[in-house]
J.: 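Once you've had a glance at the structure underneath, I'll fire off some questions.
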Amino acid sequence: MRTRYNAAITALGGYVPENVLTNHDLEKMVDTNDEWIVARTGIKERRIVNDAHIATSDLAVKAVERLLSDAKLSPEAIECVIVATSTPDYIMVSTASVVCEKAGLVNAWGVDSNAACSGFLYALTLGASLIEGGRYKNVIVIGADKNSAIINYEDRNTCILFGDGAGAVLLEQTTEHTGVIDNVFRTDGSGKEQLIVKAGGSMNPSSIETVTNKLNYITQNGRVVFKAAIEGMTQTCNEVFERNDLKSSDVNWLVPHQANLRIIQAVGEKLDISTDHVKVNIDRYGNTTAATIPLCLWDYKNDFKEGDKMILTAFGAGFSWGATYLIWSKLRG
Ligand code: COA
């Protein structure tokens, strides 16, 4: 009988820029205030790259270096790198190529996957599939975004929400029942206008007009996204529960995409998972798009024990959304 392989997360790394942008800093830039931002989003501060020469790949490389150092692994051991990002270094040349070069991953091939805030979960399943198929033993999956590159710091609807950061996980082959177990994902392009960067791609190449009209920045219909996020995450989590015969009391940790504390709390309540089992770091980093979930896993890795049952869930532009069932594995190092 063919051996069944699973993809275990055995090492993690995270990185956020040192430069802190507080709510009080934003008060000086747009018509907003700390009280409103904390009450409506839960965000107190976020990290922003303050050097124009630092790109998404640089954030990702720092996360990978921490991962490799913790795992006591040499860069040569890595076979594949998947970078989830919607702020790639370039339109052409994958950020994964740049990461492999900068981090010395000389034996790895790399590819980007763009599904905005759901990007990391989707990339995790892609990476896990390579391992489950039996041909790969070590795959790094990264979620990284330099959102400050696509934020209009004159738009109070969006500039308060986003930060920069990167998180990386190592997926390793195992025959034990651990690691990435199942997922339910959805996409619905009819939601694309609600949260979008309209220019810079093939639909609307960058031009003087697109820049003048601020079309190279994120625009969002916050109320529509808010409602759809709660519905989508709750629904896919419930489907994962059903498919895997899980009850909310079986779930040790809910690790949701960090977009808005009120969204996180609503999803936790609807799933009947108490707040002490829900991981939150949005207060410190804001929404780092594809990086929120791996950053959260990295931040709280000391709280997780081998065998813990975890649900990861995300919602983002596209619309794209879903939930992944993960069993926490023994970490290297
Ligand atoms: N500071 C102060 N007031 C602000 C503000 C800001 N930064 N942004 C908006 N407001 C005002 C609005 O103009 C509005 O005023 P009005 O009632 O006079 O028209 C009021 O606050 C309420 O705005 P609204 O958009 O209804 O607020 P909200 O409660 O929906 O919160 C978001 C706005 C963006 C925080 C919220 O909709 C959200 O988080 N949506 C999901 C966003 C998201 O997570 N996207 C990422 C991908 S998942």
Side-chain angles (χ1 to χ4, degrees), residues 21-46 48 84-87 114-122 143 145-165 185-189 191-198 217-237 254-268 278 280-283 285-296 312-323:
L21 181 69
T22 66
N23 292 348
H24 295 295
D25 295 329
L26 285 163
E27 285 174 0
K28 294 175 206 138
M29 299 157 71
V30 289
D31 179 16
T32 190
N33 59 78
D34 175 58
E35 218 179 5
W36 191 96
I37 301 173
V38 173
R40 305 311 289 162
T41 71
I43 302 168
K44 293 182 181 142
E45 58 186 42
R46 64 293 287 141
I48 300 289
T85 185
S86 12
T87 51
N114 177 357
C117 297
S118 305
F120 176 77
L121 283 197
Y122 289 11
D145 272 298
K146 181 186 162 187
N147 285 314
S148 57
I150 54 168
I151 289 294
N152 175 2
Y153 285 98
E154 294 174 350
D155 175 11
R156 71 175 183 174
N157 291 306
T158 51
C159 74
I160 58 154
L161 297 172
F162 294 93
D164 301 337
F185 293 153
R186 301 268 191 279
T187 44
D188 177 3
K192 65 182 179 302
E193 298 295 331
Q194 308 297 338
L195 174 53
I196 190 167
V197 177
K198 289 191 172 143
Y217 293 127
I218 293 182
T219 55
Q220 160 167 251
N221 186 345
R223 280 185 208 180
V224 173
V225 176
F226 188 93
K227 195 163 168 276
I230 295 172
E231 275 172 19
M233 291 200 269
T234 306
Q235 184 208 339
T236 48
C237 286
L254 177 69
V255 184
H257 168 54
Q258 310 281 307
N260 183 315
L261 185 60
R262 291 185 295 137
I263 296 178
I264 294 170
Q265 287 168 339
V267 173
V278 182
V280 173
N281 61 7
I282 190 171
D283 49 325
Y285 305 142
N287 182 348
T288 54
T289 306
T292 64
I293 291 178
L295 263 179
C296 217
L312 320 179
T313 184
F315 185 94
F319 289 145
S320 59
W321 70 100

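Bear in mind that the values here come from a model prediction, so they are computed numbers and not experimental data. Numbering of ligands and ligand atoms starts at 1, following listing order. Nothing fancy with the numbering, it's 1 onward along the sequence.
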J.: Indicate yes or no: does an N/O atom of R223 lie under 3.5 Å from an N/O atom of ligand 1?
T.: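 Such a contact does occur with ligand 1.
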
J.: Hey, could you give me the CG/OG1 distance between L312 and T292, rounded to the nearest 0.5 Å?
T.: 10.0 Å

J.: In sequence, state the C-alpha distance, the side-chain angles, and the governing distance for C296 and Q258, and then conclude on side-chain contact (heavy atoms from CB on, under 4.5 Å).
T.: CA-CA 9 Å; C296 217; Q258 310 281 307; 3.8 Å; yes

J.: Judged by atom type as modelled, is there a donor-acceptor pair below 3.5 Å linking the side chain of N260 to the main-chain atoms of R40?
T.: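 Yes, N260 side chain to R40 backbone: donor-acceptor pair under 3.5 Å.
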
J.: For ligand 1, which part of I160 has a heavy atom less than 4.0 Å away: the side chain, the backbone, both, or neither?
T.: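 For I160, only side-chain atoms sit under 4.0 Å from ligand 1.
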
J.: Measuring from L121:CG to I293:CD1, what's the distance to the nearest 0.5 Å?
T.: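 Atom-to-atom, L121:CG and I293:CD1 are 4.0 Å apart.
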
J.: At less than 4.0 angstrom from any non-hydrogen atom of T32, what atoms of ligand 1 do you find?
T.: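 So the answer, numbered in order with elements, is 1 (N), 2 (C), 6 (C), 7 (N).
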
J.: Would you verify that at least one protein heavy atom lies under 4.0 Å from atom 11 (C) of ligand 1, or report that none does?
T.: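 Yes; the ligand atom in question has protein heavy-atom contact below 4.0 Å.
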
J.: If we only count N/O pairs under 3.5 Å, is F315 in contact with ligand 1?
T.: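 For ligand 1, there is no N or O atom that lies under 3.5 Å from one belonging to F315.
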
J.: Would you verify that at least one protein heavy atom lies under 4.0 Å from atom 37 (O) of ligand 1, or report that none does?
T.: yes

J.: Starting from atom 5 (C) of ligand 1, find the nearest protein heavy-atom neighbour and note its residue, name and distance.
T.: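 Here the closest protein heavy atom is W36 CH2, 3.4 Å.
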
J.: Could you walk me through whether V280 and I264 pass the side-chain contact (heavy atoms from CB on, under 4.5 Å) check?
T.: CA-CA 8 Å; V280 173; I264 294 170; 4.0 Å; yes

J.: Salt bridge or not between D31 and R156? Use side-chain N to carboxylate O under 4.0 Å.
T.: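 Salt bridge between D31 and R156, a charged N being under 4.0 Å from a carboxylate O: yes.
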
J.: Hey, which of N23, N287, D164 is the one that makes side-chain hydrogen bond (donor to acceptor under 3.5 Å, both in side chains) with R46?
T.: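 Among N23, N287, D164, the one meeting side-chain hydrogen bond (donor to acceptor under 3.5 Å, both in side chains) with R46 is N23.
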
J.: Please could you name the atoms of ligand 1 that N157 approaches to less than 4.0 Å, counting only its heavy atoms?
T.: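 Atoms satisfying the 4.0 Å criterion: 8 (N), 9 (C).
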
J.: Give, for atom CG of N114 and atom OH of Y122, the distance between the pair rounded to the nearest 0.5 Å.
T.: 11.0 Å

J.: Quick one: which ligand 1 atoms are inside 4.0 Å of a heavy atom on T41?
T.: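 Counting atoms of ligand 1 from 1, those under 4.0 Å from T41 are 35 (C).
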
J.: Considering heavy atoms of the protein only, find what lies nearest to atom 44 (O) of ligand 1 and give residue, atom and distance to 0.1 Å.
T.: A259 CB, 3.1 Å

J.: Looking at R40, which atoms of ligand 1 are within less than 4.0 Å of one of its heavy atoms?
T.: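 Once the distances to R40 are compared, the set is 29 (O).
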
J.: Between T288 and D145, do the side chains contain a donor N or O and an acceptor N or O under 3.5 Å apart?
T.: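 D145 vs T288: no donor-acceptor pair found between side chains.
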
J.: Checking contacts here: is it the side chain or the backbone of L195 that comes within 4.0 Å of ligand 1, counting heavy atoms only? Could be both or neither.
T.: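 Side chain only.
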
J.: Would N260 count as being in polar contact with ligand 1, using the rule that some N or O on each side must be under 3.5 angstrom apart?
T.: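 Yes, N260 has an N/O under 3.5 Å of an N/O on ligand 1.
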
J.: Which atoms from ligand 1 have a heavy atom of Q220 less than 4.0 Å away?
T.: 42 (C), 43 (C), 45 (N), 46 (C)

J.: Could you tell me, atom by atom, which parts of ligand 1 come under 4.0 Å of a heavy atom of R262?
T.: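 It comes down to these atoms of ligand 1: 28 (P), 29 (O), 31 (O).
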
J.: Less than 4.5 Å apart, side chain to side chain, heavy atoms only: is that true for V30 and C159?
T.: yes

J.: Mind checking whether R156 has an N or O less than 3.5 Å away from an N or O of ligand 1?
T.: yes

J.: Is there a side-chain contact between E27 and T22 (heavy atoms, below 4.5 Å)?
T.: no

J.: May I ask you to test the F315-I263 pair for a side-chain heavy-atom distance under 4.5 Å?
T.: no

J.: Under 4.0 Å, heavy-atom basis, I'd like to know which part of N287 is in contact with ligand 1: side chain, backbone, both or neither.
T.: side chain

J.: Answer yes or no for atom 16 (P) of ligand 1: protein heavy atom present at a distance under 4.0 Å?
T.: no

J.: Evaluate the 4.0 Å heavy atom contact test for atom 26 (O) of ligand 1: does a protein atom fall under the cut-off?
T.: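 For atom 26 (O) of ligand 1 the answer is yes, since some protein heavy atom falls inside 4.0 Å.
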
J.: How far is atom 41 (C) of ligand 1 from its nearest protein heavy atom, and which residue and atom is that?
T.: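 Ranked first by proximity to atom 41 (C) of ligand 1 is G222 O, 3.6 Å.
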
